[in-house]
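The structure appears below as structure tokens.
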Amino acid sequence: MSARVLVVDDVLPNVKLLAAKLTREYFDVITAYNGPEALELVHRESPDIVLLDVMMPGMDGFEVCEKIRSNPATMHIPVVMVTALSDVTDRVRGLEAGADDFLTKPVNDIALFARVRSLVRLKMMMDEWRLRESTSGQFGVIERTATLHSESHERARVLVLEDSVLDFEKIADTLRRDSDEVVCADTGARALERAMTEEFELVVVSLTLLNEDGLRFCSQLRSHERTRQVPILLVVDEGDLNRVAKGLELGANDYVIKPIDRNELLARVRTQIRRKRYQERLRSNYEQSLSMALTDSLTGVFNRRYVNAHLPRLLERALDSHKPVSVLMFDIDHFKVVNDTHGHDVGDVVLKEVANRASRNLRTFDLVARLGGEEFVVILPDTDGDAAMIVAERLRSRISDSVFPVPNSNDELRVTVSIGVSVGGQLGDTADTLIKRADEALYQAKRQGRNCVVSDDRTEDMRVAAAPTR
Ligand code: GH3
Ligand code: MG
């Protein structure tokens, strides 16, 4: 994984040393010697991560970090503060300024590289989600997502794997300040069982368990689909940085060192929970807008865009499997009269009910779509002309045989549809020709007096040829 790292420090040898180490690990390094220069590079070069010194003349690291965080164009870039300050209050101040981590010089190389890699990996994943969300947002159906920093961090459900009652109590007591619900498990097996059956927004894993290695549990969490995305925060003894590095490689997101400082724990937990919620929001917006882009908002059935994408694929498959695909095209008869007599709103209700009746009377893998206006299409995979005619006839009668209630009135409506049928799945059949043939058959049905089913000529020929001779 190659990534661009911005190293910021006012002391030249510090920059050189860190840059050399990172270059040796194949990172692409850029450097800045003061706050304003760092901000300019952040804008111009959009690095994947910033390693930021805190004490610099003029603008210090806290301020640089706050500025990066307050600009929507740069707020997603991970920032690690690397500093001679070792006071817990400085560390908490750094985390509160929005830093993802706060490392004290001299920095352990293994821990640093592992940290950089895991933050860069996370950033790339988030970038991917943001990109997808913004693409899907171009369909204009979803309100833009709030920012990472406007997410709430309270009332999370947290699972803690810890076998020391004292340590668990300290963690739980701290997290309850944010009204979190904290659940304890004292073995990896019990923790895994709960993680697989319940929802958690964060898992805290102690690496100081007496009888087992907490990293095994981390690796199990990452290998199951259900728990792959849950953030993991490690709790480690000082001097155990090699295992921290291993944990970050395995996919843990962050760590705190014992003895735990409550404010630091809280700051790190909040970051993880916010990020998790933000990511969930991006993902659900994306999925929602995708489904909205492919469905008809009035009736909830698929739209023309989906048919255009899906029918060609069904035809390809039909060619391979030698199974036909049938298309029913139907249109409400004299729908204009419904609108003119009862109003557009009642017209809409009729459209919904027609879509409903069609969907309810088909197999689950058949597909109903509204092409526009009062015109619908039904696609029936693995269905020949005879079967398609039976389905079409059933559909026609389900719509015409029982009346449609008119909302807010005692009136009832009788609605009928005309249906055209075509069958494809042979070489040369395309989605366009199949739909066109069904459309021509539909036109014939209208001419024959409406409320009836007609198949197109080719489909009719195939049915006659396939019929048993008497
Ligand atoms: P035919 O039997 O020949 O199909 O006659 P028709 O009246 O159904 O056909 P025509 O094409 O003349 O009229 C279709 C009407 O459908 C006109 C249009 O206002 C109405 N319509 C199209 N889309 C919508 C919609 O989303 N809601 C409502 N309520 N009406 C719609
Ligand atoms: Mg019509």
Side-chain angles (χ1 to χ4, degrees), residues 139-142 288-289 291-311 326-362 366-380 388-389 391-422 432 434-457 459-460:
F139 292 119
V141 282
I142 285 279
Q288 203 186 331
S289 56
S291 82
M292 284 168 93
L294 298 175
T295 51
D296 172 47
S297 57
L298 176 68
T299 61
V301 298
F302 286 107
N303 62 15
R304 184 186 287 274
R305 197 186 275 133
Y306 187 77
V307 172
N308 288 343
H310 198 59
L311 185 54
S326 289
V327 169
L328 319 182
M329 185 90 119
F330 67 93
D331 180 290
I332 303 173
D333 298 327
H334 300 306
F335 186 56
K336 198 166 173 311
V337 178
V338 175
N339 275 332
D340 291 349
T341 318
H342 300 275
H344 208 264
D345 287 351
V346 172
D348 282 357
V349 171
V350 169
L351 286 171
K352 282 189 219 171
E353 178 61 16
V354 165
N356 242 331
R357 290 191 190 185
S359 306
R360 272 206 313 267
N361 286 292
L362 295 164
D366 296 331
L367 180 160
V368 184
R370 181 177 173 217
L371 294 185
E374 17 82 77
E375 192 174 51
F376 293 82
V377 68
V378 176
I379 298 173
L380 307 166
M389 290 301 280
V391 174
E393 183 49 36
R394 188 176 67 215
L395 197 62
R396 188 201 59 73
S397 72
R398 290 284 149 81
I399 289 169
S400 68
D401 291 358
S402 56
V403 291
F404 286 53
V406 176
N408 309 319
S409 111
N410 293 326
D411 290 352
E412 288 170 341
L413 275 173
R414 201 159 277 286
V415 176
T416 63
V417 295
S418 301
I419 306 183
V421 178
S422 68
D432 283 348
L434 206 56
I435 293 221
K436 190 155 172 286
R437 278 165 41 207
D439 199 32
E440 282 163 8
L442 166 60
Y443 180 71
Q444 289 303 325
K446 291 277 182 191
R447 292 204 358 167
Q448 288 180 23
R450 298 182 169 79
N451 192 20
C452 62
V453 179
V454 172
S455 65
D456 82 309
D457 294 342
T459 304
E460 197 49 37

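Atoms within a ligand are numbered from 1 in the order they appear, just like the ligands themselves.
In the vicinity of Asp331, heavy-atom distances shorter than 4.0 Å reach the ligand 1 atoms 4 (O). Less than 4.0 angstrom separates some heavy atom of Arg450 from each of these atoms of ligand 1: 1 (P), 2 (O), 3 (O). Those atoms of ligand 1 with a heavy atom of Gly347 less than 4.0 angstrom away are 29 (N). Using a 4.0 Å cut-off to heavy atoms of Gly373, the atoms of ligand 1 that qualify are 22 (C), 23 (N). Counting the atoms of ligand 1 from 1 in the order shown, those under 4.0 Å from a heavy atom of Ile332 are 2 (O), 4 (O), 8 (O).
Using a 4.0 Å cut-off between charged nitrogen and carboxylate oxygen, Glu393 and Arg396 count as a salt-bridge pair. With respect to Asp340 and Lys336, a salt bridge is recorded, a charged nitrogen being found less than 4.0 Å from a carboxylate O.
Asp333 and Thr416 form a side-chain donor-acceptor contact under 3.5 Å, judged by distance and modelled atom types alone.
For atom 1 (P) of ligand 1, the nearest protein heavy atom (residue, atom name, distance) is Lys446 NZ, 3.4 Å. For atom 27 (N) of ligand 1, the closest non-hydrogen atom on the protein side is Asp348 OD1, 2.7 Å. Closest protein heavy atom to atom 15 (C) of ligand 1: Phe335 CD2, 4.0 Å.
Note that CG of Asn361 is 9.0 Å distant from CZ of Arg357, once rounded to the nearest 0.5 Å.
Counting only heavy atoms from C-beta outward, the side chains of Glu375 and Asp439 approach each other to under 4.5 Å.
Partner of Tyr306 under the side chain to side chain contact (heavy atoms under 4.5 Å, CB included) criterion, out of Leu294, Leu311, Thr295: Leu294 alone.
For the Mg ion (ligand 2), the count of nearby protein N/O/S atoms, taking only those under 2.8 Å, is 3.
Annotation for Arg360: atom CZ counts as buried by contact number, over 12 foreign heavy atoms lying within 6.0 Å.
Nearest heavy atom pair, residue Phe404 against residue Ile399, reads CE1-O, 3.4 Å. Between Ala388 and Leu328, the shortest heavy-atom distance links the atoms O-CD2, 3.9 Å. When all heavy atoms of Asp456 and Ala441 are compared, the closest pair comes out as N-CB, 3.6 Å.
Judged by distance alone, with hydrogens and angles left aside, the side-chain atoms of Asn303 form a donor-acceptor pair with the main-chain N or O of Ala293 at under 3.5 Å.
Considering backbone and side-chain N/O of Leu351, none are found under 3.5 Å from N/O of ligand 1. Considering both main-chain and side-chain atoms, Leu298 never comes within under 3.5 Å of ligand 1 through any nitrogen or oxygen pair.
The closest heavy-atom contact to atom 14 (C) of ligand 1, among the options Lys352, Glu375, Glu374, comes from Glu374. The closest non-hydrogen atom to atom 19 (O) of ligand 1, taken over Asp296, Val417, Asn339, Val350, comes from Asn339. Nearest to atom 24 (C) of ligand 1 by heavy-atom distance, out of His342, Lys336, Arg370, His334, is Arg370.
Taking Gln444 as the reference, nothing meets the side chain to side chain donor-acceptor pair (under 3.5 Å) condition, with sequence neighbours excluded.
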